[in-house]
Amino acid sequence: MPVELATRLLDANRDAIAAAARVLADGGLVAFPTETVYGLGADATNGAAVARLYAAKGRPRFNPLIAHVADARAALRLARFSDEAKLLAGVFWPGPLTLVLPKQEDCPVSELATAGLDSIAVRVPDHPIARDLLLAFGGPVVAPSANRSGHVSPTLAAHVQADLDGRIDLIIDGGPTSVGVESTIVSFLTNPTLLRPGGLPRDAIERVLGYDLAEAEPKVDNAPLAPGMLASHYAPRAPVRLNAVGVRPGEALLAFGPAAPSAERTLNLSPTGDLVEAAANLFSHMRALDVSGASGIAVMPIPNEDLGEAINDRLARAAAAR
Ligand code: TXA
Ligand code: MG
């Protein structure tokens with residue numbers, strides 16, 4: 001049995017950030033808010049800390065992690081940027097965009113964090129707490145979503161606590177995250193390719209590049225280049241039924257838009273049909289319906305445009321057979 005840790009929960013303020021930076025420097029694990037979801041941070045250069053992070057999440061080892069840094073200059077020390085990668089970083093950082101790039105020759109990030117690949121995923125988060133923590137710590141921080149592997153990503157400190165209490169050192173509570181789905185991942189290892197739809201809509205990226213992003217190859221077994229893409233990655237306990245037009249007995253309803261059918265247990269992602277609001281509510285509504293005692297979760301159709309692409313991607317994973 002692993003030793004149970006006493007997980008501290010601190011409100012976000014200067015003292016909490018200083019405490020969190022010390023925990024990271026000592027090789028510990030800190031959950032902190034970003035604009036997308038809560039991340040579980042470890043010192044990216046400390047292999048033992050990264051190993052503890054994988055253990056706390058129960059995450060398969062082959063899944064590489066995103067290195068978070070305070071600004072683009074720090075990212076240049078980790079990865080080799082093409083001109084187009086620089087262009088996207090200039091326009092969208094800080095923000096919900098992760099770039100997969102060739103690793104720098106002397107990249108200090110541990111091999112375990114990059115799963116032995118010669119590429120690295122980097123991101124500059126747009127959240128004052130995340131930024132202050134990265135500045136206070138002064139080095140790259142790897143941070144997967146702060147949930148047990150296979151669970152829904154956390155958008156509140158309480159979600160992190162429910163999944164990881166006793167397994168990590170510290171949680172910084174910075175309130176609900178604003179975007180609500182993980183960052184969009186674009187790979188520059190070949191021609192720019194969308195590896196994961198996320199909080200930055202594909203269209204916004206394509207407008208800046210002036211052409212369409214390539215599509216990721218369909219997943220090959222457990223190959224590391226298929227990012228985070230275990231089929232049932234975002235699974236709640238209750239079975240999820242997509243594109244529901246009505247609700248079956250015992251089911252709860254995850255609704256979208258004004259014309260929702262009535263069900264005993266209903267949560268609406270956005271009564272006005274706003275995809276930004278829907279993304280922000282997605283994971284917390286799924287968690288709430290999952291613990292409501294329903295026999296299943298029926299999900300109304302969501303338009304597949306803008307942030308709808310990321311929402312539908314996460315819902316498809318939640319509905320995938322386990
Ligand atoms: O919004 C986010 O990105 C959040 C917050 C905390 O920043 N983090 C997050 O991390 O979603 P995680 O570990 O749950 O997802 C990281 C994804 C995985 O799908 C992983 O396979 C992919 O990034 N990835 C990391 N390094 C990669 C690489 N070198 N090549 C391809 N994919 C990579
Ligand atoms: Mg995750």
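Both ligands and their constituent atoms are indexed starting at 1 by order of listing. Everything numeric here is computed off the predicted structure, so don't read it as measured data.
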Notebook entry, point to check: Is the backbone N or O of Gly308 less than 3.5 Å from a side-chain atom of Asp306, with the two atoms forming a donor-acceptor pair by type?
Noted result: no
Next item on the list: Out of Ala31, Gly180, Ser119, Pro64, indicate the one that has the non-hydrogen atom closest to atom 33 (C) of ligand 1.
Entry: Pro64
Check: So which of Ala216, Ser145, Ser187, Pro96 gets nearest to atom 9 (C) of ligand 1, if we judge by its closest heavy atom?
Finding: Ser145
Check: Does some non-hydrogen atom of Ile185 fall short of 4.0 Å from ligand 1?
Finding: yes
Notebook entry, point to check: Relative to atom 15 (O) of ligand 1, which among His68, Glu182, Arg196 owns the nearest non-hydrogen atom?
Noted result: Arg196
Next item on the list: Could you pull out all residues at least two apart from Ala89 that satisfy side chain to side chain contact (heavy atoms under 4.5 Å, CB included)?
Entry: Phe81, Trp93, Leu99
Margin query: Only heavy atoms of Gly39, strictly under 4.0 Å: list the atoms of ligand 1 that pass.
Written below: 6 (C)
Item checked: With Glu305 via salt bridge (charged side-chain N to carboxylate O under 4.0 Å, His left out) - residues at least two apart -> none
Margin query: Tyr38 versus ligand 1: do any nitrogen or oxygen atoms come within less than 3.5 Å of each other?
Written below: no
Checklist line | Heavy-atom nearest neighbour of atom 12 (P) of ligand 1 within options Ser153, Pro144, Ser183 | finding: Pro144
Item checked: Numbered atoms and elements of ligand 1 in range of Asn63, under 4.0 angstrom, heavy atoms -> 18 (C), 20 (C), 21 (O)
Margin query: Can you tell me if, anywhere in Ser145, an N/O/S atom lies at a distance from the Mg ion (ligand 2) that is smaller than 2.8 Å?
Written below: yes
Checklist line | Test: Arg148 and Asp163 ion pair at under 4.0 Å | finding: no
Next item on the list: Using a strict cut-off of less than 4.0 Å between a Lys/Arg side-chain nitrogen and an Asp/Glu carboxylate oxygen, indicate whether Glu182 and Arg196 qualify as a salt bridge.
Entry: no
Notebook entry, point to check: Could you go step by step and tell me if Lys103 and Glu111 meet the salt bridge (Lys or Arg N to Asp or Glu O under 4.0 Å) rule?
Noted result: CA-CA 11 Å; Lys103 243 195 229 177; Glu111 289 283 333; 3.5 Å; yes
Item checked: Nearest heavy-atom neighbours spanning Ala298 and Gly246 -> CB-O, 4.3 Å
Item checked: ligand 1 versus Leu189: contacting region, heavy-atom distance under 4.0 Å -> neither
Next item on the list: Return yes when atom CZ of Arg202 has more than 12 non-hydrogen atoms of other residues, nucleotides or ligands closer than 6.0 Å, and no otherwise.
Entry: yes
Next item on the list: Would you check whether Ala143 reaches within less than 4.0 Å of ligand 1, judged by its heavy atoms?
Entry: yes
